[in-house]
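Here is the structure we will look at.
We number each residue from 1, following the sequence as shown. Excluded from the calculations below are hydrogen atoms, water molecules and symmetry mates; all remaining heavy atoms, backbone and side chain alike, are included.
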Amino acid sequence: MIDDHAQFRDISSPDTFLHLTDAHLAQSGVPFEGDDHKVDIPAIEQETRESALELMCSRLAERLNRSERKLDGVLFSGDAQDRGRPGGHRLLFDLLLRHFGPLGVTAANIVAIPGNHDVSRDSPPSSKVRYEAFTDVWRNAGCVTPWLDGVDTAANDGGPHRLVGGEGLWAVFPINTSNWSHVTRILPEPLASVWADLPTLAAGGDAARADKLRAQLDDMARYDMARVSGKQLEILRELIETTPQQSAGRQLRIALLHHHLRAPSLREELKPFADVSNLEQVRSFLRDRGIAVVLHGHKHEHSAQFEHIYNQEGDQDHRTLVISGATFEPGRESDAARLITITGMPNSPAVSIEPIAIPRAGVDSRDPPPIIRRIWSTDIVPEHRS
């Protein structure tokens, strides 16, 4: 019998997930200035990210209900909060259950991971306080969350760390890449001994200047570093190897993480630790564990590309479909979320990616056509255009 919130159904039926990432919400509200307001007029306010996401989810639920489609789960790849401001986790979790609960979504089939905006900037890596806002909502509700350094010890600590589909046809494994986000480096001596006194010495008695110098120096020593610990990778290896599978055919294994495996576009980002620091180890893990699909966020850009991960000899490769999820920003609203549908299991699976746009009130949204990729084939299914 399949455990870990398994769902049983006919072997040929499709499985559909909602993929959300980088919501960037806050209890106090985050502006979403989609319109050009050059003057302030009473009773006319700019939209917020919270109201825009509410409308999108309401429209999507209406559309799914009209077409009698259900959701097999929600895959959230991090950054519910905006720059650590409180409230984003609870807002997003409640929104998901409110709109998609009638369509099959429960806490048990929501997979959620923390992003770099979801961890406390003043917290050390592998500390409970680092993940407190995240675990208080997602983990305490019974969602599927990743194994967390410093919070979990044994493999089964912290609730379920995988979502397994009916008869083991597919499995989703969340991976935490944010344990070292906003980490402060260890300074060498003698700099470490005088670091705390530098702002006061340089400010010449100006308290405001000293505070500004303190903040600037702290920023210079802090790195938004993405990394996956060896301990987490080993826990995941054991978890994947013991995951129930179907009696015939290959299991479609999906990894969910916040940070990217490679840049999803030509846009350049200049910063220290722009990529996962132990990227080749993570890629080798994905290859050796047979991960067929990777979903991530962080870059706020959409792409669906195949990664070919070679063995150390360079004569064999493993192909993984990497789906980078975008979010919504003024002028870039056509891929705020996406429906991920798996068909053709267990022998010839294909993944359909349906972008979901932020609608305008009272106006029908025009979602782009789906992108379809075959997983264990080199063929690309042509896009359907009506």
Side-chain angles (χ1 to χ4, degrees), residues 1-8 11 15 17 72-73 75 77 108-113 126 139 142-177 179 227-259 261 276 278-296 306-313 316-323 340 342 345-349 351 375-376:
M1 185 176 189
I2 304 297
D3 54 6
D4 294 287
H5 311 309
Q7 302 165 10
F8 298 93
I11 199 168
D15 298 274
F17 306 90
D72 295 276
L75 309 179
S77 51
N109 61 11
I110 295 176
V111 185
I113 58 176
S126 304
R139 183 169 282 191
C143 299
V144 178
T145 61
W147 187 90
L148 298 173
D149 293 272
V151 177
D152 305 322
T153 302
N156 58 355
D157 290 347
H161 302 311
R162 63 188 175 191
L163 179 68
V164 185
E167 299 185 11
L169 291 174
W170 52 260
V172 181
F173 302 96
I175 303 174
N176 178 31
T177 59
N179 191 51
R227 187 176 187 272
V228 184
S229 72
K231 177 65 173 177
Q232 184 186 177
L233 290 174
E234 185 62 16
I235 291 288
L236 281 164
R237 184 193 67 81
E238 297 172 0
L239 185 69
I240 292 172
E241 293 305 308
T242 58
T243 296
Q245 301 186 45
Q246 73 274 27
S247 57
R250 297 163 63 181
Q251 183 178 70
L252 186 71
R253 293 174 176 172
I254 303 169
L256 182 71
L257 55 157
H258 180 64
H259 292 89
L261 295 182
V276 176
N278 60 335
L279 179 59
E280 195 56 34
Q281 183 182 11
V282 172
R283 283 165 51 88
S284 298
F285 164 84
L286 298 173
R287 177 198 65 213
D288 292 349
R289 304 282 68 81
I291 301 297
V293 180
V294 170
L295 290 140
H296 72 81
F306 283 105
E307 280 280 300
H308 293 263
I309 308 173
Y310 287 86
N311 61 5
Q312 292 184 352
E313 291 75 23
Q316 294 182 0
D317 72 303
H318 169 76
R319 198 177 74 146
T320 299
L321 176 62
V322 180
I323 301 173
I340 307 290
I342 302 169
M345 290 296 293
N347 297 315
S348 55
V351 172
I375 299 304
W376 295 320

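Looking at Glu307, its side chain never comes within 3.5 Å of a backbone N or O of Val322 through a donor-acceptor pair. In this structure, the side chain of His308 does not engage the main chain of Arg319 through any donor-acceptor pair within 3.5 Å. Judged purely by atom type and a 3.5 angstrom limit, Arg139 has no side-chain atom pairing as donor or acceptor with the backbone of Thr145. A donor-acceptor pair under 3.5 Å links the side-chain atoms of Gln251 to the main chain of Pro244, judged by distance alone. In this structure, Arg162 contributes its side chain and Val144 its backbone to no donor-acceptor pair below 3.5 Å.
With sequence neighbours excluded, no residue forms a salt bridge (Lys or Arg N to Asp or Glu O under 4.0 Å) with Arg287. For Ile235, the side chain to side chain contact (heavy atoms under 4.5 Å, CB included) partners two or more places apart in sequence, or in a different chain, are Trp147, Ala155, Lys231. Looking at residues two or more places apart in sequence or on another chain, you find a side chain to side chain contact (heavy atoms under 4.5 Å, CB included) between Glu280 and Arg283, Ser284.
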**Message:** Applying side chain to side chain contact (heavy atoms under 4.5 Å, CB included) to Arg253 and Thr243, what does each step give before you reach the verdict?
**Reply:** CA-CA 10 Å; Arg253 293 174 176 172; Thr243 296; 5.8 Å; no

**Request:** Would you sort out whether Ile342 and Phe17 count as a side chain to side chain contact (heavy atoms under 4.5 Å, CB included), showing the intermediate values?
**Result:** CA-CA 9 Å; Ile342 302 169; Phe17 306 90; 3.8 Å; yes

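At a threshold of 4.5 Å between non-hydrogen side-chain atoms, the residues Ser77 and Ile113 count as touching. At a threshold of 4.5 Å between non-hydrogen side-chain atoms, the residues Val282 and Thr177 do not count as touching. Residues Trp170 and Leu163 meet the side-chain proximity criterion, which asks for heavy atoms closer than 4.5 Å. Ile291 places a side-chain heavy atom less than 4.5 Å from the side chain of Ile240.
Between Glu241 and Arg289, the closest heavy-atom pair is OE2-NE, 3.2 Å. Of all non-hydrogen atoms in Leu261 and Leu257, the two that sit nearest each other are CD2-CD1, 4.5 Å. Here the closest heavy-atom approach between residue Pro160 and residue Gly142 is recorded as CG-O, 4.4 Å. Of all heavy-atom pairs spanning Trp376 and Asn347, the tightest one is CE3-O, 4.0 Å. Listed here is the closest heavy atom pair of Asn176 and Val228: O-CG2, 3.9 Å. Between Pro174 and Leu236, the shortest heavy-atom distance links the atoms O-CD2, 3.9 Å.
More than 12 heavy atoms of other residues, nucleotides or ligands sit less than 6.0 Å from atom CD of Glu238.
Distance check: Leu256 CG to Phe173 CZ gives 12.0 Å after rounding to the nearest 0.5 Å. Annotation: the span from Leu286 atom CG to Gln281 atom CD amounts to 11.0 Å, rounded to 0.5 Å. Atom CZ in Arg237 sits 9.5 Å away from atom OG1 in Thr242 (nearest 0.5 Å).
Residue Ile340 forms a side chain to side chain contact (heavy atoms under 4.5 Å, CB included) with just one option from Asp72, Leu295, Leu75, and that option is Leu295.
A salt bridge is absent between Asp149 and Arg227; no separation between the charged side-chain nitrogens and carboxylate oxygens falls under 4.0 Å.
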